[in-house]
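To keep things clear, I will list the structure first and then write my remarks on it.
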Amino acid sequence: MPAAFFVVRAIVSDASKRTAFDRWYEMEHLPDAVKAFGVSKAWRFWSLDDPSLHQAMYQFEDEEKLNAMLKGDALQKLVADFNRDWPDVKRSRETLLLAQEFRQ
């Protein structure tokens, strides 16, 4: 089965809050999410084109494991923590299924 991905896009509009957001995500939120979701890989990105755009991507073994996480309590707790700590940061979520992996 192909890998599945959970992607969260966050817009940190206030430039003065980006360093604190980055530190919080690195030290607290990402480790908590990796553990809660049971994933082996996760990435974070800041856009080079739009400095306010932050993305996090979590890789799941397959679509079934991703769907189980989406229906579980762990996601709701992490969303509540995020909303408590960053109420002004707007987010969107997306789920992806790997169509092809190319390695050279």
Side-chain angles (χ1 to χ4, degrees):
M1 295 185 124
F5 297 85
F6 181 57
V7 181
V8 180
R9 294 171 46 102
I11 304 296
V12 186
S13 300
D14 186 341
S16 69
K17 294 182 178 181
R18 290 183 194 144
T19 298
F21 178 87
D22 194 51
R23 187 172 30 255
W24 174 82
Y25 218 109
E26 175 186 354
M27 304 301 290
E28 186 175 333
H29 195 67
L30 188 70
D32 289 350
V34 166
K35 184 177 179 182
F37 296 164
V39 297
S40 59
K41 290 184 181 180
W43 300 264
R44 290 189 325 116
F45 307 90
W46 282 102
S47 172
L48 294 173
D49 299 317
D50 177 357
S52 69
L53 174 61
H54 177 273
Q55 275 191 248
M57 181 180 294
Y58 304 90
Q59 181 178 339
F60 289 80
E61 190 175 310
D62 55 36
E63 188 176 0
E64 184 178 320
K65 291 207 163 105
L66 169 61
N67 286 332
M69 180 281 294
L70 291 171
K71 294 174 186 171
D73 294 335
L75 178 60
Q76 298 312 313
K77 181 188 179 324
L78 288 164
V79 168
D81 291 348
F82 195 112
N83 290 340
R84 178 197 64 226
D85 293 341
W86 300 99
D88 298 333
V89 174
K90 303 297 180 216
R91 295 180 316 284
S92 63
R93 297 174 191 91
E94 185 173 10
T95 55
L96 305 169
L97 187 63
L98 183 65
Q100 179 182 14
E101 182 174 352
F102 178 79
R103 293 185 188 201
Q104 201 166 357

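Index from 1, following the sequence.
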Practice item. Considering non-hydrogen atoms only, spot the tightest contact between A56 and Y25 and give its length. Key: CB-OH, 3.3 Å
[atom1]-[atom2] distance between [X] and [Y], expressed to the nearest 0.5 angstrom:
X: L70; Y: F60; atom1: CG; atom2: CZ; result: 7.0 Å
X: W86; Y: R91; atom1: CH2; atom2: CZ; result: 12.0 Å
X: W24; Y: F82; atom1: CH2; atom2: CZ; result: 5.0 Å
X: D73; Y: L78; atom1: CG; atom2: CG; result: 11.0 Å

Taking side chain to side chain donor-acceptor pair (under 3.5 Å) as the definition, give me every residue that meets it alongside [X], ordered by chain and number, with sequence neighbours left out.
X: K90; value: none
X: Q76; value: none
X: E64; value: none
X: N67; value: none

Which pairs of donor and acceptor atoms, one on a side chain in residues 3-19, lie under 3.5 Å apart (sequence neighbours left out)?
{"residue": "D14", "atom": "OD1", "partner": "S16", "partner atom": "N", "Å": "2.9"}
{"residue": "D14", "atom": "OD1", "partner": "S16", "partner atom": "OG", "Å": "2.6"}
{"residue": "D14", "atom": "OD2", "partner": "S16", "partner atom": "OG", "Å": "3.4"}
{"residue": "R18", "atom": "NE", "partner": "V12", "partner atom": "O", "Å": "2.8"}
{"residue": "R18", "atom": "NH2", "partner": "V12", "partner atom": "O", "Å": "3.1"}
{"residue": "R18", "atom": "NH2", "partner": "S13", "partner atom": "O", "Å": "3.3"}

Review point. Residues two or more places apart in sequence or in another chain: which of them pass salt bridge (charged side-chain N to carboxylate O under 4.0 Å, His left out) with R84?
Key: D81
Listed pairs under 3.5 Å, donor-acceptor, residues 92-104 side chains, sequence neighbours left out:
{"residue": "E101", "atom": "OE2", "partner": "R103", "partner atom": "NE", "Å": "2.6"}
{"residue": "E101", "atom": "OE2", "partner": "R103", "partner atom": "NH2", "Å": "2.6"}

Check your understanding: For atom CD of E63, is the number of surrounding heavy atoms from other residues, nucleotides or ligands below 6.0 Å larger than 12?
Key -> no
Point to revise | Connected via hydrophobic side-chain network under 4.5 Å: Y58 and F21 | key: yes
Exercise for review: Give every residue pair that meets the salt bridge (charged side-chain N to carboxylate O under 4.0 Å, His left out) criterion with at least one member in residues 50-61, sequence neighbours excluded.
Suggested key: E61-K65
Distance-only check: which donor-acceptor pairs under 3.5 Å involve side-chain atoms of residues 29-46, not counting sequence neighbours?
{"residue": "R44", "atom": "NH1", "partner": "D22", "partner atom": "OD1", "Å": "3.0"}
{"residue": "R44", "atom": "NH1", "partner": "H54", "partner atom": "NE2", "Å": "2.9"}
{"residue": "R44", "atom": "NH2", "partner": "D22", "partner atom": "OD1", "Å": "2.9"}
{"residue": "W46", "atom": "NE1", "partner": "D22", "partner atom": "OD1", "Å": "2.8"}

